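Structure first, then comments.
As the structure is a prediction and not an experimental result, all values here were calculated from the model. Chain identifiers are assigned alphabetically (A, B, ...) following the order of the sequence lines, protein sequences preceding nucleic acid strands; residue numbering begins at 1 within each chain.
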Amino acid sequence: MSAETTLARAITEQLARLGVDAPADAVQLSRPQRPEHGDWSTNVALILYKQAERRPRDLAEELAGALRDSTIEHVEAIEVAGPGFINFKLSPRWLHDILREVVAGGETGYASPDLGRGERVQIEFVSANPTGPLHVGNGWFASYGDALGRIMSRAGWKVQREYYVNDTGGQIRALGESILARRRGESVPEGGYQGAYVAELAEQYDGPEEVVAAGRFAADRILDNIKETLEQIHVRFDEWYSQASIEESGQVADTIAFLRRQGHVYEEDGAVWLRSTAFGDTRDRVLVKSNGDATYLAGDLAYHRDKFLVRGFDRVINVWGADHHGQVASIKAGVEALGVEPGRLEVRLGQLISLVGHRMSKRAGIYVPLSDLIQILGADAARLVTLLASIDQATTLDLDRLTAESAENPVYYVQYAHARIASIDRVAAERGIARVPIEATDLSLLTHPRELDVLRSLVELPRVVTDAALERAPYKVTNWVRSLAAAFHGFYHDCYVMGEDVPPELTQARLWLVEAARIGLAIGLGLLGVDAPEQM
RNA sequence: GCCCUCGUAGCUCAGUGGAUAGAGCACCGGCCUCCGGAGCCGGGUGCGCAGGUUCGAGUCCUGCCGGGGGCGCCA
């Protein structure tokens with residue numbers, strides 16, 4: 001049983017003796033920020049003092065007294081502080097238990113809470129139109145979606161990664177017109193694509209003078225380029241889902257017919273409308289234009305019908321840019337109209353990235369290609385810069401600064417910690433020092449503050465994985481892995497594992513500590529999709 | 001005009017009701033007889049503004065100011 005659980009039970013038990021019937025969620029343990037506040041702390045007296053009809057401090061004192069009279073594993077001291085916090089100081093043994101837990105769980109088992117219970121979740125992300133190369137904003141979402149998939153997989157979900165390929169409709173026509181105009185030696189028409197890649201593709205295109213044919217040709221080539229770029233940052237998709245295939249298979253018509261049978265559709269001004277206001281939208285939406293074409297929404301609804309009702313995902317997470325904000329209410333309303341419980345669809349709006357000085361625009365050819373960023377920083381650093389911050393926060397990128405600071409990228413700090421561990425292992429092997437089984441190792445020798453800091457960091461990982469998964473927040477893993485690396489560097493600096501003054505028993509205990517740190521770093525870096533190198 | 005979102009250190013960002021608000025970068029000083037100095041240690045300025053709720057507010061509520069996004073028979 002974890003120290004946290006043990007404490008929570010003891011608190012609930014003693015409260016009952018004092019005649020206070022605590023609701024389950026009232027008893028909460030937290031790790032105090034300041035070390036003098038102990039290893040664990042509870043604010044339960046501040047939560048329950050009214051119910052208990054006592055003053056906060058009095059309830060805290062009473063409860064602390066009762067807890068002192070009982071025996072709780074590892075607890076060395078109990079103190080009341082501040083307005084009524086109860087702080088627990090534990091023997092380092094509780095951290096030695098954690099070390100055994102980490103080693104026993106290993107890279108696959110430690111910090112792998114089963115939150116998803118095998119639920120099938122689809123994460124759809126990037127899904128950039130194949131009308132131009134990926135830019136750094138797409139890369140941000142690519143790293144995010146991929147890391148989220150890794151985290152949710154670890155937390156018990158069955159994850160599928162999907163890229164929705166918008167290979168039909170107006171943008172493909174605009175692309176085709178741009179290609180044909182370039183081939184004729186004319187300038188690109190209004191609303192067309194200006195980038196240099198358009199000129200290149202125009203040269204390669206030797207097909208007929210048809211807009212759609214030219215557009216498809218270009219889109220295919222661009223999609224290949226997109227896949228290649230994503231490979232470079234180690235983002236792989238399970239499925240590349242073609243919008244054209246949905247239209248051609250008749251699913252769009254089927255979806256509209258289904259909605260019509262359910263009575264959610266009406267005709268007005270020669271168009272077919274979805275009564276989305278009945279499902280919380282701010283206005284009704286057109287599904288079929290008066291010229292007979294289906295709208296983007298109609299296609300998107302067919303796509304979501306396919307996700308939920310044909311392929312049967314329990315949950316769907318769409319990672320969209322904040323500029324698609326206006327679509328959220330419509331797609332949610334439409335999905336509900338299809339009979340899907342709307343809570344199963346989750347739309348994560350990622351904030352946009354702006355560049356110092358100007359906005360990115362694919363049409364105008366103003367953007368920083370993701371491939372450039374990867375070339376400058378390398379895959380690992382490029383991924384990590386995008387995983388440092390919450391995706392809910394609008395970010396400004398200064399490419400010049402990133403380039404200048406590439407050697408200062410936090411990724412090296414973390415990778416260096418991992419490489420140092422590998423180095424210790426190499427040296428141990430050279431000197432013929434092998435780890436004895438952990439059962440035969442005296443872990444109680446680990447009492448140095450630096451050693452305990454490493455263990456305290458490892459304690460946090462299960463909670464970090466849980467929070468990151470539930471909040472869809474990979475950056476929490478990034479922050480954690482940096483803090484573990486910091487603890488390890490401190491340990492490495494102050495505590496020699498093998499040395500003249502280090503007794504063999506201590507070397508053994510420290511070797512296990514190092515192994516636990518290695519496991520933690522490998523887990524964290526693995527969740528971020530960043531390589532954990534043996535050497536740098 | 002209406003809706004959403006964000007405003008924390010010079011810069012990039014953590015801190016989603018707890019105790020004295022943190023980290024990286026940048027800047028200034030220290031630290032290599034032993035496992036890799038891409039490291040360690042020290043140095044400081046800040047919650048946009050004004051009310052409210054609470055034992056307690058950077059965090060929740062209201063208003064204002066400022067940045068971004070959205071309100072198509074575009075995709």
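The side chain of A:Arg34 lies closest to B:U20, out of B:U20, B:A23, B:G18. The side chain of A:Asn87 lies closest to B:A19, out of B:C73, B:C35, B:A19. The side chain of A:Ile424 lies closest to B:C35 when the candidates are B:C35, B:G18, B:C73.
Contact check of residues 278-288 of chain A against RNA chain B (heavy atom, cut-off under 4.0 Å) returns A:Arg283, A:Val286.
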Sub-3.5 Å pairs of nitrogen or oxygen atoms, protein against nucleotides 56-60 of chain B:
none

Identify all pairs in which a protein N or O lies below 3.5 Å from an N or O of nucleotides 37-40 of chain B, and state each distance.
{"unit_1": "B:G37", "atom_1": "OP2", "unit_2": "A:Arg420", "atom_2": "NH2", "d": "2.6"}
{"unit_1": "B:G39", "atom_1": "O2'", "unit_2": "A:Arg420", "atom_2": "NH1", "d": "2.8"}
{"unit_1": "B:G39", "atom_1": "N2", "unit_2": "A:His493", "atom_2": "NE2", "d": "3.4"}
{"unit_1": "B:C40", "atom_1": "OP1", "unit_2": "A:Tyr413", "atom_2": "OH", "d": "2.4"}
{"unit_1": "B:C40", "atom_1": "O3'", "unit_2": "A:Arg450", "atom_2": "NH2", "d": "3.1"}
{"unit_1": "B:C40", "atom_1": "O2'", "unit_2": "A:His493", "atom_2": "ND1", "d": "3.2"}

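Using a 4.0 Å heavy-atom criterion, one finds that A:Arg55 contacts no nucleic acid atom at all. The residue A:Gln415 sits apart from the nucleic acid: no heavy atom pair falls under 4.0 Å. Using a 4.0 Å heavy-atom cutoff across all strands shown, A:Thr168 reaches sugar-phosphate atoms only and no base atom. Residue A:Ser41 is classed as a base contact, given a heavy-atom separation below 4.0 Å to a base. Using a 4.0 Å heavy-atom cutoff across all strands shown, A:Glu267 reaches no nucleic acid atom at all. A:Ala322 comes within contact range of the sugar-phosphate backbone alone, with a heavy-atom separation under 4.0 Å but no base atom that close. Note on A:Lys50: only backbone sugar-phosphate atoms sit closer than 4.0 angstrom, heavy atoms only; bases stay farther off. Heavy atoms of A:Asn43 sit under 4.0 angstrom from at least one base atom.
A:His448 and A:Asp453 share no side-chain donor-acceptor pair at under 3.5 Å.
Annotation for A:Gln51: atom CD counts as buried by contact number, over 12 foreign heavy atoms lying within 6.0 Å. For CZ of A:Arg55, the number of neighbouring non-hydrogen atoms (other residues, nucleotides, ligands) closer than 6.0 Å is 12 at most.
Taking the C1' atoms as reference points, B:C61 lies 13 Å from B:G17, given to the whole Å. Nucleotides B:A9 and B:G48 are separated by 8 Å at their P atoms, to the nearest Å. Taking atom P in both B:A50 and B:U12, the straight-line distance is 24 Å, to the nearest Å. When the P atom is used for both B:C60 and B:A14, the distance is 15 Å, rounded to whole Å. One C1' atom belongs to B:G69, the other to B:A26, and the distance between them is 31 Å to the nearest Å. Between the P atoms of B:G30 and B:C11, the separation comes to 28 Å (whole Å). Comparing the P positions of B:U53 and B:U62 gives a spacing of 15 Å, expressed to the nearest Å.
The side-chain hydrogen bond (donor to acceptor under 3.5 Å, both in side chains) pairs that include a residue from residues 481-502 of chain A are A:Arg420-A:His489, A:Arg450-A:Asp494, where partners are two or more places apart or lie in different chains.
With rounding to the nearest 0.5 Å, the separation of CG in A:Asp39 from CG in A:Leu90 is 5.0 Å. Residue A:Asp269 holds its CG atom at 15.5 Å from NZ of A:Lys289, rounded to the nearest 0.5 Å.
Residue A:Ile86 is the one, among A:Ile86 and A:Gln243, whose nearest nucleotide of RNA chain B lies closer to the 5' end (criterion: closest heavy atom). Taking the nucleotide of RNA chain B with the nearest heavy atom to each of A:Asp323 and A:Ala271, the more 5' of the two is matched to A:Asp323.
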| message | Counting Watson-Crick and G-U wobble pairs with both distances under 3.5 Å, what is the dot-bracket string for RNA chain B, 5' to 3', using [ ] for crossing pairs and | for pairs to another strand? | response | (((((((..((((....[...)))).(((((.......)))))....(((((..]....))))))))))))....
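Put simply, A:Tyr475 has no side-chain N or O that comes within less than 4.0 Å of OP1 or OP2 on B:C13. Within the structure, a side-chain polar atom (N or O) of A:Lys289 is placed less than 4.0 Å from OP1 or OP2 of B:A75.
Stacking of the aromatic ring of A:His325 onto the base of B:G69 is not found under the criterion of centres within 5.5 Å and planes under 30°.
Side-chain N or O atoms of A:Ser290 include none that pairs as donor or acceptor with a backbone N or O of A:Ala271 at under 3.5 Å.
Nucleotide B:C64 carries an anti base; the chi torsion (O4'-C1'-N9-C4 or O4'-C1'-N1-C2) is more than 90° from 0.
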Could you list the donor-acceptor pairs under 3.5 angstrom formed between side-chain atoms of residues 279-288 of chain A and any protein atom two or more places apart in sequence or on another chain?
{"unit_1": "A:Asp281", "atom_1": "OD1", "unit_2": "A:Arg285", "atom_2": "NH2", "d": "3.1"}
{"unit_1": "A:Asp281", "atom_1": "OD2", "unit_2": "A:Ser276", "atom_2": "OG", "d": "3.2"}
{"unit_1": "A:Asp281", "atom_1": "OD2", "unit_2": "A:Arg285", "atom_2": "NE", "d": "2.9"}
{"unit_1": "A:Asp281", "atom_1": "OD2", "unit_2": "A:Ser330", "atom_2": "OG", "d": "3.1"}
{"unit_1": "A:Asp284", "atom_1": "OD1", "unit_2": "A:Ser276", "atom_2": "N", "d": "3.2"}
{"unit_1": "A:Asp284", "atom_1": "OD1", "unit_2": "A:Thr277", "atom_2": "N", "d": "3.0"}
{"unit_1": "A:Asp284", "atom_1": "OD1", "unit_2": "A:Thr277", "atom_2": "OG1", "d": "2.7"}
{"unit_1": "A:Asp284", "atom_1": "OD2", "unit_2": "A:Tyr266", "atom_2": "OH", "d": "2.7"}
{"unit_1": "A:Arg285", "atom_1": "NE", "unit_2": "A:Ser330", "atom_2": "OG", "d": "3.0"}

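Cation-pi geometry between A:Arg348 and A:Trp320 is not met: the NZ or CZ atom fails to fall both under 6.0 Å from the ring centre and inside 45° of the normal.
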